[in-house]
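What you see below is based on every heavy atom in this structure, not just the backbone, and it leaves out hydrogens, waters and symmetry mates. All ligand and atom numbering here is 1-based and tracks the order in the structure.
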Amino acid sequence: MLDKADTPFAPSARSDVPPFMVMDVMAAAARIEAEGRRVVHMEVGQPAAPAPATAIAAARAALADGRIGYTQALGIATRRARIARHYAEIYGVTIDPSRIVVTTGSSGGFILAFLALFEPGDRVAVANPGYPPYRHILTTLGCEPVPIEISAQTRWALTVDALTALHRTTPIKGVLVASPANPTGTMLAADALRDLILASEANGIRFISDEIYHGLDYAFAAETAVRFSDQAIVVNSFSKYFCMTGWRIGWMVVPEPLVRPLERLQQNLAISVPTLSQIAAEAAFDGRAEMEAVKHGYEANRRILVEALPKAGLDRFLPVDGAFYLYADVSRFSHDSFEFAKRMLNEAGVAATPGVDFDPVRGKHFIRFCYAGSSADMREAVERIGRWLR
Ligand SMILES: Cc1ncc(COP(=O)(O)O)c(C=O)c1O
């Protein structure tokens, strides 16, 4: 019999989630750089620019002032009011600040939202390809993520037909939609979003709208789910448009009956969201002019890639509507995107993320490029890829 001390340490089954492969690409890129070789980074989905100067100044002032204590679990009241005002300013919709929940990034928002909405065993639809942590957070919480294949036929958008067909055969409790989306960079038109929300509500399906890439829209303006329903759950973040990934701060707009359950969850799981980040985030709204300049940089990068990548050999990619991603079909060159990304990194010095991170099957034919870096980097990347593929 095994002595207790000899028993191998067994982590829980629920903690057995797959890794995020982009992290492995980052590690491989770092090894190449340690050898003194140059790598153009297009793998990680984060802005190269810092947080708005207004946010940094507010954080400095708060630090100088000294005490950084807990806040109310739902967030500092003035911050919640400021976020509500953002909806009036950007979308022209009025929401009661009491429906705003401040979260530790949108990642913290998903955990809270899934806990408040779903029971273990509940089935929740997610688009495939999609952001991997949706699936992995749901699995960890005992729910079942149900992938719905999206494709070029519907401009890579989830449709009412696909959603209701799935629900008819095997009912789902929720659906999660992102526009602009990661990894595809595609967006839903306002009426498509509205139709999905109305169809979900007619079928008793909870609708969660990931709006983290709002503000980064180039083809047309992104629409918020708040406009169409007070039952939808909107998840958003300061990470992308406001360049505040490391501050770990986001928010949700939730239906009124969920406010108190979410408050109790947040009280127990985290007490409150980091105070310094809440202070900085409120001031970030005053830094929009600076962030618009950063956005213009992404627009320039997008133009460079859309024009030059086809000439370099990668001429098949999805509509580049928003966020800072381009999802390129590399099936002319490889049926193993992980291998392709590894070779492109080693031989061309360009780091990008294999599509298998986002779609285990069709992702074998795709690579995701993030264009949140400098325009000089984009030109260099295209030039390197062109030389490599020739
Ligand atoms: C689609 C999408 N949602 C959510 C997140 C999580 O972001 P955060 O927790 O920093 O707000 C990301 C991060 O890349 C993302 O791409």
Side-chain angles (χ1 to χ4, degrees), residues 17 19-23 25-26 41-51 55 75 83 100-114 124 126-138 140 145 147 150 156-158 175-188 193 208-217 222 224-225 233-253 266 269-270 273-274 277-278 280-281 284 291 298 318 321-327 352-353 355 357-359 363 368-373:
V17 291
F20 203 0
M21 274 181 215
V22 65
M23 299 299 187
V25 179
M26 274 168 76
H41 288 276
M42 298 180 77
E43 75 278 36
V44 189
Q46 74 172 338
I83 293 168
I100 307 285
V101 179
V102 179
T103 59
T104 42
S106 62
S107 305
F110 291 125
I111 297 169
L112 291 174
F114 296 163
V124 181
V126 290
N128 194 34
Y131 178 60
Y134 298 151
R135 289 181 261 130
H136 302 159
I137 299 171
L138 283 164
T140 297
I150 51 174
W156 298 87
L158 186 63
V175 60
L176 201 160
V177 168
S179 170
N182 179 7
T184 57
T186 54
M187 285 172 60
L188 282 173
L193 176 67
I208 305 165
S209 181
D210 181 354
E211 302 186 355
I212 185 170
Y213 291 104
H214 274 215
L216 303 178
D217 38 19
T224 176
I233 290 90
V234 169
V235 182
N236 208 324
S237 173
F238 289 88
S239 288
K240 308 292 169 155
Y241 176 81
F242 289 105
C243 301
M244 294 178 71
T245 47
W247 296 76
R248 310 308 305 128
I249 176 113
W251 75 87
M252 290 192 287
V253 186
Q266 183 99 285
L269 292 177
V273 170
S277 299
Q278 292 194 54
M291 294 300 103
Y298 304 148
L318 273 49
D321 295 335
F324 31 54
Y325 302 119
L326 183 148
Y327 202 52
T353 308
D357 234 2
F358 311 99
D359 176 347
R368 188 197 73 174
F369 291 99
C370 170
Y371 56 86

When you measure from the side chain of Gln278 to the backbone of Val273, do you find a donor-acceptor pair of N or O atoms at a distance under 3.5 Å? yes
With Arg248, which of Ser277, Ser239, Pro274 fulfils side chain to side chain contact (heavy atoms under 4.5 Å, CB included)? Ser239
Check each N or O atom of ligand 1 against all protein N or O atoms and list the pairs under 3.5 Å, with atom names and distances to 0.1 Å, one per line.
residue, atom, partner, partner atom, Å
ligand 1, 3 (N), Asp210, OD2, 2.7
ligand 1, 7 (O), Ser106, OG, 3.3
ligand 1, 9 (O), Ser106, N, 3.4
ligand 1, 9 (O), Ser107, N, 3.0
ligand 1, 9 (O), Ser107, OG, 2.5
ligand 1, 9 (O), Arg248, NH2, 2.8
ligand 1, 10 (O), Ser239, OG, 2.6
ligand 1, 10 (O), Arg248, NH1, 2.8
ligand 1, 11 (O), Ser106, N, 2.7
ligand 1, 11 (O), Ser106, OG, 2.8
ligand 1, 11 (O), Ser237, OG, 2.7
ligand 1, 11 (O), Ser239, OG, 3.4
ligand 1, 14 (O), Lys240, NZ, 2.7
ligand 1, 16 (O), Asn182, ND2, 2.7
ligand 1, 16 (O), Tyr213, OH, 2.7

Given Tyr325, Phe242, Tyr131, Tyr298, the one that forms ring-ring contact (aromatic ring centres under 6.0 Å, His included) with Tyr213: Tyr325
Closest approach of Ala55 and Ala280, non-hydrogen atoms and distance? CB-O, 3.3 Å
What residues, two or more places apart in sequence or in another chain, satisfy salt bridge (charged side-chain N to carboxylate O under 4.0 Å, His left out) together with Asp321? Arg155
Asn128-Arg135 side chain donor-acceptor pair, cut-off 3.5 Å: no
